[in-house]
Amino acid sequence: MGNFEQYETILLGYPNWWGDMPMPVYSFLEEYDFGAKMIIPFVTHGGSGASQTIETISEIQPGALMRDNALILSRDEVSASGEAVTEWASQLGINAKNSQETMEQNEMTVASTAVPTPTQQQRIYLWDEGNMPAITEYTENTGFYADDPDFRPYMTFYPVPEGTEIKGAVLVNSGGAFAYRSNENEGGPTAEDLSRLGYQSFLVDYRVSPYTQEEGALDLARAVRFVRAHAIEYGIDEKDIAVMGFSAGGILSGEELLNYDGMVNGRTLDKRYVPDALDDVSADAAAAGMIYSFYGRLSVATDDVEKLAVSDLPPTFFAMAQEIPLFQSLKKI
């Protein structure tokens with residue numbers, strides 16, 4: 001128990017005991033972080049309704065979405081008939097069949113045609129099948145790579161909780177030395193925390209080895225374009241889009257901002273790539289965050305002051321410990 005990543009909705013049932021939730025429910029809510037998932041309570045009571053328990057759930061899980069669709073029944077109503085429960089459950093629209101259909105639809109959601117869901121978590125594949133710019137020929141995983149050849153870059157949307165003021169958007173890139181993506185302990189929790197703070201957050205699963213850093217940067221640029229193209233739907237100003245990352249993810253952000261921002265598209269690397277409508281949208285970002293990482297190409301922080309000066313780079317936040325060797329390189333720039 002505890003792997004809630006695969007679920008979008010959490011049904012939480014409990015009896016109202018003397019105006020409060022049972023202690024095991026408290027322990028359950030405090031142990032697991034549901035992020036921006038939807039929690040739907042169903043409560044039985046002896047005459048006091050749900051009391052303040054639903055508000056308590058929101059306090060313990062501040063990022064969760066809470067709607068006015070909780071089921072609150074007295075014990076007499078429960079024992080008299082199950083019709084109320086059946087009707088409530090059917091109205092939620094989350095039965096197994098619907099969940100499977102939704103999952104299949106999400107699997108088919110591609111950036112070129114995707115319709116954003118501003119209040120629900122969503123997975124969006126960045127490239128259409130057969131039209132992903134690539135210079136790497138990758139046909140067989142011999143066991144050295146994190147992703148198989150059929151991997152399709154995508155991003156996962158973490159919506160701002162209902163009732164929270166939307167401040168902007170952030171595209172998050174996990175680290176992993178360009179060999180894997182450390183989503184569980186870096187990217188995922190960060191995206192969830194940023195969403196709670198009011199930022200529409202997107203965790204980007206970019207290409208890693210054997211693909212080049214440049215191919216991964218094109219994935220990030222494509223993600224930026226999608227968010228900018230749908231700024232109105234996400235409730236943001238298109239000028240309030242930031243990119244950030246940890247280690248390799250931060251380097252990737254720098255690569256994108258240095259070499260693949262603006263109107264640069266996939267044809268820069270792959271002449272076979274066929275541009276689409278998203279390529280008419282700028283890949284510029286208004287701010288960057290680099291956590292123990294830097295601007296520049298793989299493993300080499302650029303010290304080209306003139307290049308940095310003419311690249312019109314956005315304001316950037318750096319976080320780096322003095323013991324990290326790269327810190328000394330950055331001091332020279």
Side-chain angles (χ1 to χ4, degrees), residues 1-103 105-106 116-123 156-166 184 188-189 191-201 203 235:
M1 190 173 181
N3 180 19
F4 295 103
E5 188 68 24
Q6 58 184 312
Y7 304 110
E8 301 293 335
T9 304
I10 307 298
L11 296 177
L12 182 65
Y14 57 89
N16 180 356
W17 288 355
W18 302 96
D20 205 351
M21 296 184 296
M23 287 308 299
V25 179
Y26 275 94
S27 299
F28 173 73
L29 291 172
E30 291 169 353
E31 181 175 356
Y32 300 110
D33 183 359
F34 296 136
K37 300 180 185 299
M38 183 184 298
I39 298 179
I40 304 177
F42 56 98
V43 187
T44 60
H45 63 91
S48 56
S51 299
Q52 298 298 311
T53 59
I54 295 178
E55 289 80 358
T56 301
I57 295 171
S58 293
E59 293 174 1
I60 300 175
Q61 294 281 340
L65 300 174
M66 303 289 293
R67 301 290 175 81
D68 296 329
N69 54 356
L71 177 65
I72 304 172
L73 294 176
S74 70
R75 296 183 180 88
D76 292 337
E77 290 174 313
V78 173
S79 59
S81 173
E83 292 182 1
V85 177
T86 302
E87 181 180 357
W88 169 76
S90 63
Q91 290 176 350
L92 294 177
I94 56 174
N95 58 59
K97 179 180 179 181
N98 287 343
S99 297
Q100 181 63 31
E101 290 176 351
T102 300
M103 185 180 299
Q105 290 172 2
N106 285 341
T117 58
T119 61
Q120 297 179 4
Q121 192 174 79
Q122 183 180 28
R123 172 180 290 189
T156 303
F157 171 51
Y158 292 80
V160 170
E162 186 176 3
T164 300
E165 179 185 358
I166 299 175
E184 291 187 3
E192 290 183 348
D193 286 344
L194 286 170
S195 71
R196 296 190 188 101
L197 294 173
Y199 296 94
Q200 304 282 38
S201 301
L203 177 60

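All figures in this text were calculated on a predicted structure; none of them were measured in a lab.
Here the CD1 atom belonging to Ile60 is positioned 4.5 Å from the CE atom belonging to Met21, to the nearest 0.5 angstrom. A distance of 7.5 Å separates CD of Gln121 from CD of Glu192, quoted to the nearest 0.5 Å. To the nearest 0.5 Å, atoms CD1 (Ile39) and CD1 (Ile54) are separated by 11.0 Å.
Of the candidates Val25, Thr44, Val43, Thr44 is the only one forming a side chain to side chain contact (heavy atoms under 4.5 Å, CB included) with Pro15. Checking Thr56, Asn16, Asp20 one by one against Ser51, the side chain to side chain donor-acceptor pair (under 3.5 Å) holds for a single residue, Asn16.
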Worksheet item: Is there a side-chain contact (heavy atoms from CB on, under 4.5 Å) between Tyr158 and Leu203 once you walk through the steps?
Response: CA-CA 8 Å; Tyr158 292 80; Leu203 177 60; 3.9 Å; yes
Item to complete: Please report the C-alpha distance between Ile10 and Tyr32 in whole Å, then the side-chain angles of each, then the deciding distance to 0.1 Å, and finally whether the side-chain contact (heavy atoms from CB on, under 4.5 Å) criterion is met.
Response: CA-CA 12 Å; Ile10 307 298; Tyr32 300 110; over 6 Å; no
Item to complete: Take His45 and Ile72 through the side-chain contact (heavy atoms from CB on, under 4.5 Å) test and state the conclusion after the steps.
Response: CA-CA 8 Å; His45 63 91; Ile72 304 172; 3.6 Å; yes
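Smallest separation of non-hydrogen atoms from Pro41 and Ile57: CG-CD1, 4.1 Å. Of all the heavy atoms in Ser195 and Ser201, the pair that sits closest is N-OG, 3.5 Å. Annotation for Thr53 and Gly19: closest pair CG2-O, 4.4 Å, computed over non-hydrogen atoms.
Applying the salt bridge (Lys or Arg N to Asp or Glu O under 4.0 Å) criterion to Asp193, with sequence neighbours excluded, gives Arg196. When the side-chain hydrogen bond (donor to acceptor under 3.5 Å, both in side chains) test is applied to Thr164, no partner is found at least two apart in sequence or on another chain.
The environment of CD in Glu184 is sparse: at most 12 heavy-atom neighbours from other residues, nucleotides or ligands sit within 6.0 Å.
Remark: the backbone N or O of Gly235 is not paired with any side-chain donor or acceptor of Gln200 at under 3.5 angstrom.
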